[in-house]
Amino acid sequence: MSTHSMALRFTLTLLAAAITAVAAAQEAQRPWEGLFADISILDDMESAEWESTYEMLCELEQEPLDINTATREQLLQLPFLNDKQVEDIHIYIDRFGTMKSTGELAMITSLDYTTRCLLSYFVCCKEPESPAMPDWQKVMKYGRHSVTATANIPFYERRGDKEGYLGYPYRHSLRYRFHYSDRLKIGFLGAQDAGEPFFANKNGAGYDFYAFYAEAHRIGRLKTIVAGRYRASFGMGLVMSNDFSMGKLAALYALGQKGYGLRAHTSRSQANYLQGAAATVTLARGLDISALVSYRKTDATLNHGDSCIASLDTDGYHRTVSEMGKKNNTSETLAGAHLHFRRHGFHLGATGSFTSYSKDLAPATTPLYRRYYPSGNDFWNIGADYGYTGHLVSLHGETATGGCGAIATIHSLSLTPSSQWTLLAVQRFYGKKYYSMHANSLSEGGRVQNESGIYIGAQWQPLKRLRLTAYTDYAYFAGAKYQAQQASHAWDHLIQAQYDHRQLSVTARYRLKRREYDNTDATALATKTTHRARLSATLNRHSWRFTTTADAAHSSFEESSTGWMLTQQVGYRRRALQLNATLAYFHTDDNESRLYGYEPGTLYTFAYQAFAGEGFRYALTARADIASRITLIAHLATTDYLDRDHIASGLQQIDRSSKTDLELQLRWNF
């Protein structure tokens with residue numbers, strides 16, 4: 001019997017044994033992690049901002065929001081809540097007074113069972129307190145500190161570790177956070193990627209990346225104030241949005257809405273944040289104004305004797321001499337404001353921003369898809385957002401323009417004719433000449449530029465335990481795109497069924513995506529068609545959790561590519577101990593049929609992987625909580641390829657067929 005046949009037989013036997021060996025009713029993995037992974041992996045992790053959102057949810061789980069006093073913007077940070085649900089929560093509290101327990105959420109009809117369960121991880125009910133910030137003695141007495149140290153140890157050597165990288169092969173970070181309820185948060189983060197120098201070169205202060213931040217809420221008329229590194233999102237993201245992109249499945253949960261206000265930047269992500277100060281003040285009932293200023297150093301590739309910017313670099317890597325030479329060689333200054341009025345379900349807002357760079361942006365415009373990229377050093381944008389949130393119908397929209405002289409607009413219409421039905425339609429038009437340096441909204445092409453489209457989605461619950469979800473999204477690109485030198489289009493469809501019965505949850509999903517690209521000779525367009533399917537079953541029994549997943553992908557573009565993967569995850573939780581094990585076998589023809597898998601990892605780390613070729617993935621995560629003050633987590637993972645003798649290329653190349661990483665984390669609460 002061949003090695004591949006033995007590997008396949010072993011995998012199938014193990015999967016079958018795990019399914020039949022199930023025994024009984026406490027979850028070993030937090031349910032919200034599974035939902036978050038489903039939403040993000042569906043969009044192929046095209047936005048690194050998903051990791052920032054995951055970190056925010058991890059922090060909220062440690063210190064939940066007080067649902068009785070949380071602002072609309074704070075609640076809308078939760079990716080599974082929409083504006084109507086937040087409105088209904090506030091109406092309930094205004095009518096019946098403060099909630100005594102989260103069990104009262106069952107009285108709000110727009111919150112289904114799944115949403116209520118998820119909310120219970122991120123909100124709590126507290127006794128009312130004065131709108132003024134307590135004195136510092138009380139804050140220091142009842143505030144809580146946490147220190148988290150994380151290190152990744154690779155059991156392999158990259159080519160760059162021998163020659164090319166300036167630092168050690170270890171990735172590590174240190175995080176400190178102080179919080180007083182959900183009203184005050186202060187902290188810092190120091191982070192280092194593998195290969196970057198530590199206390200050397202341009203990193204004389206130690207870590208390659210630091211983030212300092214402070215955030216406070218509900219101090220009299222001061223609704224929110226942030227200082228240090230922070231994020232800002234207003235309207236539907238056409239002018240200003242430093243938060244995660246509204247993915248297509250996430251759009252159904254949020255009913256096509258956006259706009260989360262101000263929050264601290266606590267992520268390792270070294271892109272898409274601001275640095276300075278910002279505040280939101282309530283001028284009158286329903287009328288808020290936000291103002292923000294920012295100055296930050298940023299990385300760039302320079303040209304013309306280092307006098308102009310060829311491109312802004314956002315990957316945050318400073319491992320080689322070339323990468324280190326780009327570090328902080330440009331500065332960005334930004335000023336902006338947002339005025340917002342909300343009353344009786346109607347809302348109207350206006351956003352303005354001005355951005356200036358220390359050097360001129362001068363991207364190469366010879367490639368047709370770069371023809372309308374922003375150039376110069378001063379950029380301004382203004383936009384108006386508007387809408388209505390009602391019991392059955394909600395309408396939201398934003399229209400923006402700027403120094404580019406072009407227009408971008410997006411509108412969403414959602415209908416909830418009954419508790420079983422949710423319908424959503426989103427129209428967008430982003431002119432090919434439009435740009436905003438901090439725009440981020442629903443798109444197929446990844447940019448708020450050169451795209452128009454229509455999105456239609458629906459959720460239907462025909463039975464108490466059965467939920468059907470579907471969407472279709474059509475996008476048209478009037479100008480050239482990367483790998484498409486003429487007008488092109490894309491069409492994306494998804495259908496999903498989820499069945500929950502007591503301790504059993506089964507999900508089936510199918511996605512069909514078609515998009516036009518240049519053919520091999522770049523003489524005409526050809527259609528790339530990608531099919532993706534997933535069948536997943538999760539069973540919770542006592543302290544055990546078993547999840548079995550089958551994934552398949554087929555891609556055709558002049559040539560065909562097929563891939564499939566079987567994954568078994570087993571979780572165990574007993575008092576202060578948690579264990580999670582993952583075993584997967586994958587087999588794909590090439591990278592075009594790559595598959596994605598999620599596995600539990602350390603705190604603040606969204607552990608997802610992309611798999612191509614043939615091989616196994618093994619992972620084991622162990623967590624121990626000691627006296628509610630100390631948490632120890634270890635995550636050991638191996639990817640073992642059967643079809644190659646080296647992994648990756650260039651300085652990242654590993655001259656062996658497997659790679660093993662150990663991630664260790666220690667968190668101290670006091």
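Put simply, the residue from E592, H587, H554 that forms a side-chain hydrogen bond (donor to acceptor under 3.5 Å, both in side chains) with T562 is H554. Applying the salt bridge (charged side-chain N to carboxylate O under 4.0 Å, His left out) test between E444 and each of R515, K481, R514 identifies R515 as the sole match.
Within a 6.0 Å radius of CZ in R370, more than 12 heavy atoms belonging to other residues, nucleotides or ligands are found. Within a 6.0 Å sphere centred on CG of L525, heavy atoms belonging to other residues, nucleotides or ligands number more than 12. In this structure, E559 places its CD atom where only 12 or fewer heavy-atom neighbours from other residues, nucleotides or ligands lie under 6.0 Å away. Around CZ of R502, the count of heavy atoms belonging to other residues, nucleotides or ligands within 6.0 Å does not exceed 12.
R447 forms a cation-pi arrangement with Y373, by the criterion of a distance under 6.0 Å to the ring centre and an angle within 45° of the ring axis.
Using modelled atom types, no side-chain atom of T416 and backbone atom of S418 make a donor-acceptor pair closer than 3.5 Å. Under a 3.5 Å cut-off, the side chain of N242 and the backbone N or O of A232 do form a donor-acceptor pair. Although no hydrogens or angles enter the test, the distance criterion places no donor-acceptor pair under 3.5 Å between the side chain of S394 and the main chain of L413. Distance alone, capped at 3.5 Å, is enough to place a donor-acceptor pair between the E398 side chain and the G237 backbone. The backbone N or O of W460 sits nowhere less than 3.5 Å from a side-chain atom of Q420 that would complete a donor-acceptor pair. Remark: the backbone N or O of Y598 is paired with a side-chain donor or acceptor of Q569 at under 3.5 angstrom. The backbone N or O of L466 lies less than 3.5 Å from no partner atom in the side chain of Q498, so there is not a single donor-acceptor pair. Under the 3.5 Å distance criterion, the side-chain polar atoms of R116 are matched with a main-chain donor or acceptor of L111. Looking at N519, its side chain does come within 3.5 Å of a backbone N or O of A522 through a donor-acceptor pair. Judged by distance alone, the side chain of D590 and the main-chain N or O of A612 form no donor-acceptor pair under 3.5 Å.
What you find for S436 and V239 is that their closest heavy atoms are OG-O, 2.9 Å. Taking every heavy atom of both residues into account, S593 and S561 meet most closely at OG-OG, 2.7 Å. Residues G261 and F234 come closest through the heavy atom pair CA-CE2, 4.1 Å. Scanning all heavy atoms of the two residues, the minimum distance from L595 to A553 falls at CD2-CB, 3.7 Å. Taking every heavy atom of both residues into account, S488 and Y476 meet most closely at O-CD1, 3.4 Å.
Summarising the geometry, atom CE belonging to M240 is positioned 4.5 Å from atom OG belonging to S353; distances are rounded to the nearest 0.5 Å. How far NE2 of H391 is from CD1 of I91: 10.0 Å, rounded to the nearest 0.5 Å. I67 CD1 to L119 CG: the interatomic distance, rounded to the nearest 0.5 Å, is 6.0 Å. From K248, atom NZ reaches atom CG of L424 across 13.0 Å, with rounding to the nearest 0.5 Å. Here OG1 of T109 is found 10.0 Å from CD of Q85. Values are rounded to the nearest 0.5 Å. Distance OH/Y510 to CZ/R532: 12.0 Å, rounded to 0.5 Å.
A salt bridge between E73 and R263 is absent, with no side-chain N of the basic residue lying under 4.0 Å from a carboxylate O of the acidic one. The pair R342-E87 meets the salt-bridge criterion, with a side-chain N (NZ, NE, NH1 or NH2) lying under 4.0 Å from an Asp/Glu carboxylate O.
The six-membered or imidazole ring of Y455 lies near that of Y471, with a centre-to-centre distance under 6.0 Å. With ring centers used as reference points, H347 lies under 6.0 Å from H340. Aromatic rings from Y474 and H493 are positioned such that their centres are separated by 6.0 Å or more.
Counting only heavy atoms from C-beta outward, the side chains of F586 and T639 approach each other to under 4.5 Å. A heavy-atom distance below 4.5 Å is not found between the side chains of T469 and I495. Contact annotation: the side chain of E599 never approaches that of N580 to less than 4.5 Å [non-hydrogen atoms, C-beta and beyond].
Remark: H90 engages no residue in a ring-ring contact (aromatic ring centres under 6.0 Å, His included) (not counting sequence neighbours). Among residues two or more places apart in sequence or in another chain, the ring-ring contact (aromatic ring centres under 6.0 Å, His included) test is passed with Y388 by F346.
Counting only residues at least two apart or in different chains, salt bridge (charged side-chain N to carboxylate O under 4.0 Å, His left out) contacts with residues 409-435 comprise R428-E451, R428-D473.
Side-chain polar atoms of Y386 and T399 form a donor-acceptor pair below 3.5 angstrom. Neither side chain, T280 nor D288, offers a donor N or O lying under 3.5 Å from an acceptor on the other. Side-chain polar atoms of T567 and T549 form no donor-acceptor pair below 3.5 angstrom.
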Practice problem: May I have the step-by-step check of side-chain contact (heavy atoms from CB on, under 4.5 Å) for W491 and K513, ending in yes or no? | Solution: CA-CA 6 Å; W491 208 318; K513 191 170 184 178; over 6 Å; no
Quiz prompt | Chi angles and distances behind the side chain to side chain donor-acceptor pair (under 3.5 Å) call for D385, H396 | solution = CA-CA 8 Å; D385 59 278; H396 301 270; over 6 Å; no
Exercise. Apply side chain to side chain donor-acceptor pair (under 3.5 Å) to Q496 and T507, showing your working.
Key: CA-CA 7 Å; Q496 175 178 288; T507 301; 5.7 Å; no
